[in-house]
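Accompanying notes for the structure given below.
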Amino acid sequence: MTARIIDGAAIAAAVRADVAHDVAAHIAIGGRRPHLSVVLVGDDPASHVYVRNKGRACEEVGMTSETIALLATTSQQKVLEVVARLNADLAVSGILVQMPLPAHIDASAVLRAIDPRKDVDGLTPTNQGLLLQGTPDLIPATPAGVLEMLRRSDIDPEGQRVVVVGRSVLVGRPLAMLLANRMPGANATVTIAHTGTRDLGAVTREADILIAAMGRPRAITAAMVKPGATVVDVGINQILDATRKSGTRLVGDVDFESVKDVAGAITPVPGGVGPMTIAMLVVSTLRAARRQEAT
Ligand code: NAP
């Protein structure tokens with residue numbers, strides 16, 4: 001069997017087109033143009049690329065955005081002051097503090113300082129708590145992207161066995177919570193696997209939908225996948241590749257070449273979950289803008 005390839009880039013483009021339509025409708029009825037403020041501390045090259053892509057996505061859907069770039073040596077107090085200013089600014093719909101932050105800054109203190117109504121990354125304790133209680137509001141973009149991708153691919157997790165490998169605050173944990181929620185496009189039986197899991201292959205082979213969010217290049221092999229399962233690869237890992245001019249290439253947490261012959265459907269890397277993450281950020285920004293204007 002050769003798996004159906006789930007084209008994340010195409011689905012993300014469809015999501016952005018829908019958001020562009022909704023932004024135009026929001027403005028047509030007198031709403032403010034949604035605005036995303038991104039706080040970027042330091043000079044991590046990958047973060048700069050992500051932030052640029054987020055700005056482009058905003059522009060494409062008719063939103064404005066700004067990047068507040070701060071030196072790597074910026075104090076925590078200064079970052080907190082910037083967040084406080086953005087919280088108070090009525091023109092700012094969404095605030096995103098790009099992770100990782102430099103080691104001298106307490107990331108959780110910065111996240112706690114963001115107004116939950118503007119927390120488009122869904123990382124404040126309020127938004128994480130709402131998710132845990134089964135009433136999610138603003139949710140992290142990558143988990144949201146995975147659910148939206150499944151929905152638009154007509155893969156319904158309802159009643160299915162889902163295994164999420166990874167329990168990070170950013171991806172694995174919120175994704176597992178969302179999928180276990182009693183709501184359309186979820187309502188699955190969810191297992192969370194991690195480095196403490198004994199016999200990972202035996203657990204992953206149980207999955208109708210297997211989601212890898214581990215940060216381990218090609219760790220999920222064909223022998224770990226139930227024939228016909230849907231495999232979602234969240235991982236983005238840079239590996240050495242002497243055949244490339246750059247000397248490196250991106251691979252996921254799934255061994256795509258072998259797994260595609262076993263799975264029923266699979267997301268590629270790149271071109272899978274990555275573009276969905278950015279598309280869901282603009283969805284969140286519009287949601288935040290509408291919510292603030294309604295109150
Ligand atoms: P993370 O914070 O490093 O968490 C990785 C998780 O995977 C941890 O819970 C860890 O378990 C688990 N894990 C690692 N190796 C494992 C193994 N051999 N067996 C079982 N579990 C294992 O990473 P993250 O932030 O969640 O990101 C995960 C991957 O997704 C990374 O490649 C990242 O680049 C990528 N990512 C992609 C997007 C996107 O837009 N596509 C967005 C965010 C992240 P323990 O808890 O036991 O350590």
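Residue numbers run from 1 in the order of the sequence given. Numbering of ligands and ligand atoms starts at 1, following listing order.
Judged by distance alone, with hydrogens and angles left aside, the side-chain atoms of Gln292 form a donor-acceptor pair with the main-chain N or O of Ala288 at under 3.5 Å. Without hydrogens or angle criteria, Lys118 side chain to Asn87 main chain gives a donor-acceptor distance under 3.5 Å. No donor-acceptor pair closer than 3.5 Å links the side chain of Thr248 to the backbone N or O of Leu240. Judged by distance alone, the side chain of Asp208 and the main-chain N or O of Arg161 form a donor-acceptor pair under 3.5 Å.
Considering only non-hydrogen atoms, atom 35 (C) of ligand 1 lies nearest to Val234 out of Leu175, Val232, Val234. Considering Leu281, Ile220, Thr195 only, the shortest heavy-atom separation from atom 16 (C) of ligand 1 involves Thr195. Ranked by closest heavy atom to atom 3 (O) of ligand 1, the top entry among His194, Arg173, Met214 is Met214.
A donor-acceptor pair shorter than 3.5 Å can be found between the side chains of Asn237 and Asp253.
Within a 6.0 Å sphere centred on CD1 of Ile239, heavy atoms belonging to other residues, nucleotides or ligands number more than 12. Shown here is His194, whose NE2 atom has more than 12 heavy atoms of other residues, nucleotides or ligands within 6.0 Å. Counting heavy atoms of neighbouring residues, nucleotides and ligands inside a 6.0 Å radius, atom CD of Glu293 exceeds 12 of them.
Closest to atom 29 (C) of ligand 1 among all protein heavy atoms lies Gly215 N, 3.5 Å. In terms of protein heavy atoms, atom 46 (O) of ligand 1 is closest to Arg167 NE, 2.7 Å. Among all non-hydrogen protein atoms, the one lying nearest atom 2 (O) of ligand 1 is Ser168 CB, 3.4 Å. Scanning all protein heavy atoms for the shortest distance to atom 43 (C) of ligand 1 gives Val171 CG2, 3.8 Å. Closest to atom 12 (C) of ligand 1 among all protein heavy atoms lies Gly166 CA, 3.9 Å. Looking from atom 42 (C) of ligand 1 to the surrounding protein, the closest heavy atom is Thr142 OG1, 3.2 Å. With hydrogens left out, the protein atom closest to atom 33 (C) of ligand 1 is Ile236 N, 4.1 Å, a heavy atom.
Atom CG in Leu86 sits 9.0 Å away from atom CD1 in Ile114 (nearest 0.5 Å).
Considering backbone and side-chain N/O atoms, Asp253 never comes within less than 3.5 Å of an N/O atom of ligand 1.
Against a heavy-atom cut-off of under 4.0 Å, Leu200 is close to the following atoms of ligand 1: 19 (N). Annotation for ligand 1: atoms under 4.0 Å from non-hydrogen atoms of Gly274 are 40 (O), 41 (N). Atoms of ligand 1 found under 4.0 Å from any heavy atom of Val165, numbered from 1 in the order shown, are 20 (C), 21 (N). Atom numbering of ligand 1 starts at 1 in the shown order; those under 4.0 Å from a heavy atom of Thr277 are 39 (C), 40 (O).
Heavy-atom separations between Ala213 and ligand 1 include at least one value shorter than 4.0 Å. The shortest separation from a heavy atom of Ala219 to ligand 1 is not under 4.0 Å, leaving the residue out of contact.
Among residue pairs with one or both ends in residues 99-116, those qualifying as side-chain hydrogen bond (donor to acceptor under 3.5 Å, both in side chains) are Asp106-Ser108, Asp115-Arg117; sequence neighbours excluded.
Counting heavy atoms under 4.0 Å from ligand 1, residue Asn237 touches it through the side chain alone.
The hydrophobic clustering, which links ILVMFWY residues whose side-chain heavy atoms are closer than 4.5 Å, places Leu179 and Leu170 together.
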